[in-house]
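Take a look at the structure set out below.
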Number of protein chains: 2
Amino acid sequence: MWSLADEMERWLKVMLEEAEERFIEIRRSELANHFSCVPSQVTYVLSTRFVPERGYRVISRRGAGGFIRIERLSEADLLDRLAEQVTGIVSEAEAVEILNHLYQAELLSEDASRHLDLLVSDEVLSLPPAVADRVRARMVLALLANI
Amino acid sequence: MWSLADEMERWLKVMLEEAEERFIEIRRSELANHFSCVPSQVTYVLSTRFVPERGYRVISRRGAGGFIRIERLSEADLLDRLAEQVTGIVSEAEAVEILNHLYQAELLSEDASRHLDLLVSDEVLSLPPAVADRVRARMVLALLANI
DNA sequence: CCTGTTTGACTATCTTTGACCTTTATTAAT
DNA sequence: ATTAATAAAGGTCAAAGATAGTCAAACAGG
């Protein structure tokens with residue numbers, strides 16, 4: 001039921017969990033070999049799953065002795081980055097984007113983010129636009145502080 | 001006389017009953033094959049029978065490793081009873097009480113209920129009391145419909 | 001005749017693969 | 001010591017493959 005990409009993602013996340021550091025270093029070709037796939041498959045997994053939106057950063061070096069380092073961003077980093085986006089007013093679209101980031105980064109459960117999506121919607125708030133945007137800003141900031 | 005769509009609906013519901021989780025995952029083409037019909041027939045059944053109004057949610061993914069997940073939503077009785085309590089206005093205290101009920105009934109995670117508590121608070125909403133009460137009523141009703 | 005069902009051609013999305021490219025370290029030649 | 005070749009990584013991109021979605025026409029039961 002799961003794709004190779006999914007399995008590789010899970011494997012890498014387990015490695016990260018077990019690592020003492022907040023990062024792991026791999027060899028692209030070795031990993032590809034371990035999963036019996038082409039090396040570019042590793043690149044694909046990294047570029048779709050281990051992106052900043054999901055709370056990861058990847059750096060690499062080519063050439064002999066090359067490597068790929070996958071780093072899990074700290075919760076504080078993520079929250080800070082998101083909080084910076086929040087000004088005094090937040091549109092529904094912005095709020096949804098922030099909630100989605102929190103979900104992708106596993107700082108919110110799927111259920112929670114689905115419920116929160118709803119509560120920040122224009123439809124549920126049913127307030128004059130300018131008011132809604134300010135209420136949403138308070139909601140999002142309160143949430144970020146509450147995680 | 002039972003249509004193919006009816007049979008497929010019954011079959012899926014049995015699968016859901018028997019599943020340990022609250023959801024099942026299928027392959028559209030496999031199911032179509034099992035019922036000797038075209039894949040889009042599955043889509044038809046899902047979009048007519050497994051909709052939120054009937055207590056189901058469907059999510060899917062395309063591509064290799066693609067799947068369709070059919071999830072049964074929570075029992076509606078408690079939600080209905082709670083929804084009856086909700087009039088056009090809901091105080092902060094009432095909202096918190098309802099959220100607590102949902103948490104006790106395990107229909108909300110601890111995280112979710114904590115976040116929601118915050119977002120329905122007078123402090124975060126910062127609206128004139130009468131307005132806040134009406135906004136909260138919409139929030140709570142939307143939430144009850146979303147669980 | 002109406003309504004809901006069934007089908008299939010076409011579309012959208014996600015994954016897998018492979019040929020070709022770039023960067024870095026090491027070794028060989030002068 | 002410098003430079004040139006070679007080897008050893010990782011990167012890019014587009015094509016092929018694998019699913020699922022859409023929509024409208026044909027069909028069937030009441």
Side-chain angles (χ1 to χ4, degrees), chain A residues 1-16 19 23-54 56-72 96-97 100-101 103-104 106 110, chain B residues 1-16 23-72:
Chain A
M1 189 66 89
W2 289 25
S3 65
L4 213 190
D6 292 331
E7 282 179 41
M8 193 180 290
E9 176 187 6
R10 280 198 305 154
W11 193 80
L12 288 171
K13 284 184 174 171
V14 168
M15 294 294 287
L16 269 164
F23 63 86
I24 55 175
E25 284 184 358
I26 58 164
R27 289 257 156 112
R28 194 175 77 142
S29 55
E30 276 179 15
L31 188 58
N33 201 47
H34 184 262
F35 281 90
S36 303
C37 64
V38 294
S40 55
Q41 177 77 330
V42 175
T43 307
Y44 173 72
V45 170
L46 294 178
S47 65
T48 54
R49 269 81 164 170
F50 293 86
V51 293
E53 287 71 37
R54 298 194 181 193
Y56 297 89
R57 181 168 32 171
V58 173
I59 62 176
S60 63
R61 217 180 57 186
R62 307 186 186 190
F67 62 88
I68 296 177
R69 173 183 299 186
I70 306 170
E71 184 183 354
R72 164 101 239 206
V96 167
E97 192 190 332
N100 188 43
H101 279 187
Y103 167 56
Q104 298 286 327
E106 292 171 20
E110 183 189 335
Chain B
M1 186 53 40
W2 300 100
S3 68
L4 176 53
D6 292 333
E7 282 179 42
M8 193 181 290
E9 176 187 8
R10 281 197 303 147
W11 192 79
L12 287 171
K13 286 184 174 169
V14 169
M15 294 293 288
L16 269 164
F23 63 85
I24 55 174
E25 284 184 356
I26 58 164
R27 292 235 147 127
R28 193 175 77 143
S29 55
E30 275 179 14
L31 188 58
N33 202 47
H34 185 262
F35 282 91
S36 303
C37 64
V38 293
S40 56
Q41 178 75 344
V42 175
T43 307
Y44 173 71
V45 170
L46 294 178
S47 64
T48 54
R49 269 86 163 165
F50 293 85
V51 291
E53 296 77 51
R54 299 204 187 187
Y56 297 89
R57 185 158 20 125
V58 173
I59 63 175
S60 63
R61 221 177 57 182
R62 307 184 188 194
F67 61 88
I68 297 177
R69 174 185 299 187
I70 307 170
E71 186 183 354
R72 187 166 37 82

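In what follows, chains are A, B, ... by sequence order, proteins preceding strands, each numbered from 1.
- Annotation: side chain to side chain donor-acceptor pair (under 3.5 Å) contacts involving residues 31-43 of chain A, sequence neighbours excluded, comprise Arg28(A)-Thr43(A).
- Atoms CD1 (Ile70(B)) and C1' (dA20(D)) sit 13 Å apart, rounded to a whole Å.
- Put simply, the side chain of Ile68(A) does not reach to within 4.5 Å of the side chain of Leu31(A), judged on heavy atoms.
- Residues satisfying the side chain to side chain contact (heavy atoms under 4.5 Å, CB included) criterion with Glu7(A), sequence neighbours excluded, are Arg10(A), Phe35(A).
- For the pair Thr43(A) and dG10(D), the criterion of a side-chain N or O lying under 4.0 Å from OP1 or OP2 is not met.
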Under 3.5 Å, which N/O atoms of the protein pair with N/O atoms of nucleotides 15-17 of chain C?
unit_1: dT15(C); atom_1: OP1; unit_2: Arg49(A); atom_2: NH1; d: 3.4
unit_1: dT15(C); atom_1: OP1; unit_2: Arg49(A); atom_2: NH2; d: 3.0
unit_1: dT15(C); atom_1: OP2; unit_2: Tyr44(A); atom_2: OH; d: 2.2
unit_1: dT15(C); atom_1: OP2; unit_2: Arg49(A); atom_2: NH1; d: 3.2
unit_1: dT15(C); atom_1: O5'; unit_2: Tyr44(A); atom_2: OH; d: 3.1
unit_1: dT16(C); atom_1: OP1; unit_2: Leu4(A); atom_2: N; d: 2.8
unit_1: dT16(C); atom_1: OP2; unit_2: Ala5(A); atom_2: N; d: 2.9
unit_1: dT16(C); atom_1: OP2; unit_2: Gln41(A); atom_2: NE2; d: 2.6
unit_1: dT16(C); atom_1: O5'; unit_2: Gln41(A); atom_2: NE2; d: 3.2

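- No engagement by Ser47(B) is indicated, since no non-hydrogen atom pair under 4.0 Å with the nucleic acid exists.
- Distance CZ (Arg27(B)) to C1' (dG17(D)): 13 Å, rounded to an integer number of Å.
- Atom CD1 in Ile59(B) sits roughly 18 Å away from atom P in dT19(D) (whole-Å rounding).
- Residues satisfying the side-chain hydrogen bond (donor to acceptor under 3.5 Å, both in side chains) test with Arg69(A), not counting sequence neighbours, are Glu25(A).
- Looking at Arg28(A), its side chain comes within 3.5 Å of the base of dG11(D) through a donor and an acceptor atom.
- Here Glu106(A) pairs with Lys13(A) under the salt bridge (Lys or Arg N to Asp or Glu O under 4.0 Å) rule; sequence neighbours left out.
- Protein atom CD of Glu7(B) is 14 Å distant from nucleotide atom C1' of dT6(C), rounded to whole Å.
- Comparing Gly66(B) and Ser60(A) against DNA chain D, the residue whose closest nucleotide sits nearer the 5' end is Ser60(A).
- In this structure, CZ of Phe67(A) is placed 15 Å from C1' of dG11(D), rounded to the nearest angstrom.
- Here dA20(D) presents its C1' atom at 13 Å from CG of Leu31(B), a figure rounded to the nearest Å.
- Applying the side chain to side chain contact (heavy atoms under 4.5 Å, CB included) criterion to Tyr103(A), with sequence neighbours excluded, gives Asn100(A), Glu110(A), Ser113(A).
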Only distances under 3.5 Å count here; give the side-chain donor-acceptor pairs of residues 48-59 of chain B to other protein atoms, sequence neighbours excluded, each with its distance to 0.1 Å.
unit_1: Thr48(B); atom_1: OG1; unit_2: Tyr44(B); atom_2: O; d: 2.9
unit_1: Thr48(B); atom_1: OG1; unit_2: Val45(B); atom_2: O; d: 3.3
unit_1: Arg49(B); atom_1: NE; unit_2: Glu9(B); atom_2: OE1; d: 3.2
unit_1: Arg49(B); atom_1: NH2; unit_2: Asp6(B); atom_2: OD1; d: 2.5

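- Taking a 6.0 Å sphere around CH2 of Trp11(B), one finds it holds more than 12 heavy atoms contributed by other residues, nucleotides or ligands.
- Distance, Asn33(A) CG to dA9(D) C1': 14 Å, rounded to whole Å.
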- [ ] Could you encode protein contacts along nucleotides 25-30 of chain D as a string, one character per nucleotide from 5' to 3', using B for base contact, S for sugar-phosphate-only contact and - for no contact, with a heavy-atom cut-off of under 4.0 Å?
- [x] ------
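- Sorted by first then second residue, the salt bridge (Lys or Arg N to Asp or Glu O under 4.0 Å) pairs that include residues 38-48 of chain B, not counting sequence neighbours, number zero.
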